[in-house]
Amino acid sequence: MRDLTSDTITEAVISTMRDTKDARIAEILESLVRHVHSFVREVELTEQEWARGIDFLTRTGQKCTPTRQEFILLSDVLGVTMLVDALSNRRPAEATQNSVLGPFFREDRPERAHTADISGGLPGTPLFFEGRVVNREGAPLADAAVDVWHSDADGHYDVDVPGLEDDSAMRALFRTDEKGQFGFRSIRPSSYPIPGDGPVGELMSATSRSLMRPAHVHLLIEAPEFQRVTTMLFPSDDPYLDADPVFGVKESLVESFDTYEAGSGPHREVTDEPYTLVRRTFVLEPRPAD
């Protein structure tokens, strides 16, 4: 353990972990040390650059609060969140694909009836969402739990709207009926920037990357004996689909958000203004046997 060099220090560090009792922890830590040391060697990191890196990570932690997780945001923009998701949720092409959960999911959301208006009275283009949950063979899954949440017309979630009377606007829990159907009314979400006032914003600026996420509706779907799906739907006409800073867009999750003029379309008798209609079937995979 003395007189270590750049060629010998990696094995020396790994040797100190030989008594790790948990085999999985030992595997992860050894690989971490090897990759970090290889990175340092590859770029020949200087003391000044490492100090800047430490400062960046320190400030990332200091930016975290109970309502903001800068480290998760860092994981998102580096593609780590989506990589972990892709490795953890391999599904056949016919099944609904996973995407990132994001920071705005809340357990304290109301359960609402089919076709309920969850807009909280916020202004925006009316959105009618009609969904169906089925298994791989197309059979409906009744009583599936469907969580929904999305931003408003300005790209803000309910937690970011000051003075909002309905503190659960644009989010709710639904249950599918015997046909596997659920639906709700809200307002069409908008694209929005990820937070740019912290260390992650500095990183995005330094690499000339856009902060703008394409508009989307989040859904988390659970049914007994089936794999949980955390997903989202993106409007096919959104200009930021190919530049999502958190890499959450998948072609199978891009959907047509159809626009109808007032007095036309399936919901012409419900609203007297132009509106958007989304229809989507979600296919769940059986839970693997233990």
Side-chain angles (χ1 to χ4, degrees), residues 67-68 99-106 108-132 146-174 181-196 210-221 230-246 248-249 253-280 282:
T67 59
R68 175 169 177 172
S99 193
V100 294
L101 178 68
F104 297 109
F105 173 73
R106 287 169 47 189
D108 58 331
R109 73 290 192 212
E111 183 167 342
R112 304 295 295 274
H114 185 69
T115 72
D117 185 344
I118 66 170
S119 68
L122 291 170
T125 299
L127 170 72
F128 292 88
F129 194 108
E130 299 174 2
R132 189 165 182 258
V146 182
D147 266 292
V148 174
W149 67 104
H150 64 82
S151 73
D152 67 10
D154 295 320
H156 299 126
Y157 287 80
D158 52 4
V159 295
D160 293 327
V161 181
L164 184 63
E165 291 186 12
D166 183 353
D167 64 356
S168 60
M170 304 170 294
R171 72 173 71 240
L173 171 64
F174 296 93
Q181 297 175 338
F182 71 96
F184 62 90
R185 176 176 174 174
S186 191
I187 54 174
R188 179 166 176 158
S190 173
S191 51
Y192 61 86
I194 62 172
S210 170
L211 297 175
M212 294 298 296
R213 288 218 68 197
H216 51 273
V217 175
H218 287 274
L219 300 106
L220 191 156
I221 306 173
T230 303
T231 193
M232 58 183 79
L233 292 184
F234 301 89
S236 58
D237 59 352
D238 193 284
Y240 300 104
L241 287 174
D242 294 316
D244 184 7
V246 308
V249 178
L253 302 181
V254 176
E255 187 59 81
S256 176
F257 280 42
D258 298 326
T259 300
Y260 292 88
E261 294 299 324
S264 67
H267 294 280
R268 57 183 177 274
E269 297 179 359
V270 182
T271 179
D272 58 359
E273 57 184 319
Y275 64 91
T276 295
L277 172 63
V278 180
R279 286 174 169 158
R280 180 74 173 203
F282 300 89

Kindly write out the residues that satisfy salt bridge (charged side-chain N to carboxylate O under 4.0 Å, His left out) with D272, not counting sequence neighbours, or none if the list is empty.
none
Distance-only donor-acceptor pairs under 3.5 Å for side chains of residues 258-265, two or more places apart:
residue : atom : partner : partner atom : Å
D258    : OD1  : S256    : OG           : 2.4
S264    : OG   : E261    : N            : 3.2
S264    : OG   : E261    : O            : 2.6

d(H150 NE2, I118 CD1) to nearest 0.5 Å is 4.5 Å
Give a yes or no on whether the backbone of G248 and the side-chain of S99 come within a donor-acceptor separation of less than 3.5 Å.
yes
For D242, give me all partners under side-chain hydrogen bond (donor to acceptor under 3.5 Å, both in side chains), at least two apart in sequence or on another chain.
none
Can you name the side-chain hydrogen bond (donor to acceptor under 3.5 Å, both in side chains) partners of D117, sequence neighbours left out?
S119
CG of L220 to CG of L101, rounded to nearest 0.5 Å, is 6.5 Å
Looking at the rings of F104 and W149, which for Trp means the six-membered one, are their centres under 6.0 Å apart?
no
How long is the gap from CG on L122 to CD1 on I187, to the nearest 0.5 Å?
5.0 Å
Does F257 have any ring-ring contact (aromatic ring centres under 6.0 Å, His included) partners at least two apart in sequence or in another chain, and if so, which?
none
Report yes if the side chains of L253 and R280 come closer than 4.5 Å at any heavy-atom pair, otherwise no.
yes
Which residues pass the salt bridge (charged side-chain N to carboxylate O under 4.0 Å, His left out) test with R68, not counting sequence neighbours?
E70, D197
Could you tell me which residues satisfy ring-ring contact (aromatic ring centres under 6.0 Å, His included) with F184, sequence neighbours excluded, listed by chain and number?
F129, F174
Those residues at least two apart in sequence (or on a different chain) that pass side-chain contact (heavy atoms from CB on, under 4.5 Å) with P110 are R112, S168
Walk me through whether V249 and M232 qualify under side chain to side chain contact (heavy atoms under 4.5 Å, CB included).
CA-CA 9 Å; V249 178; M232 58 183 79; over 6 Å; no
Could you pull out every donor-acceptor pair under 3.5 Å between side chains of residues 212-219 and any protein atom, sequence neighbours left out?
residue : atom : partner : partner atom : Å
R213    : NE   : D244    : OD1          : 2.8
R213    : NH2  : D244    : OD2          : 2.7
H216    : ND1  : P214    : O            : 2.7
H216    : NE2  : Y157    : OH           : 3.2
H216    : NE2  : Y192    : OH           : 3.3
H216    : NE2  : H218    : NE2          : 3.1
H218    : NE2  : Y157    : OH           : 3.3

For D238, which residues count as a salt bridge (charged side-chain N to carboxylate O under 4.0 Å, His left out) partner, sequence neighbours excluded?
none
Strictly by salt bridge (charged side-chain N to carboxylate O under 4.0 Å, His left out), give each pair with a member in residues 181-193 just once, sequence neighbours left out.
R188-D237
side-chain hydrogen bond (donor to acceptor under 3.5 Å, both in side chains) with R268: which residues, sequence neighbours excluded?
none
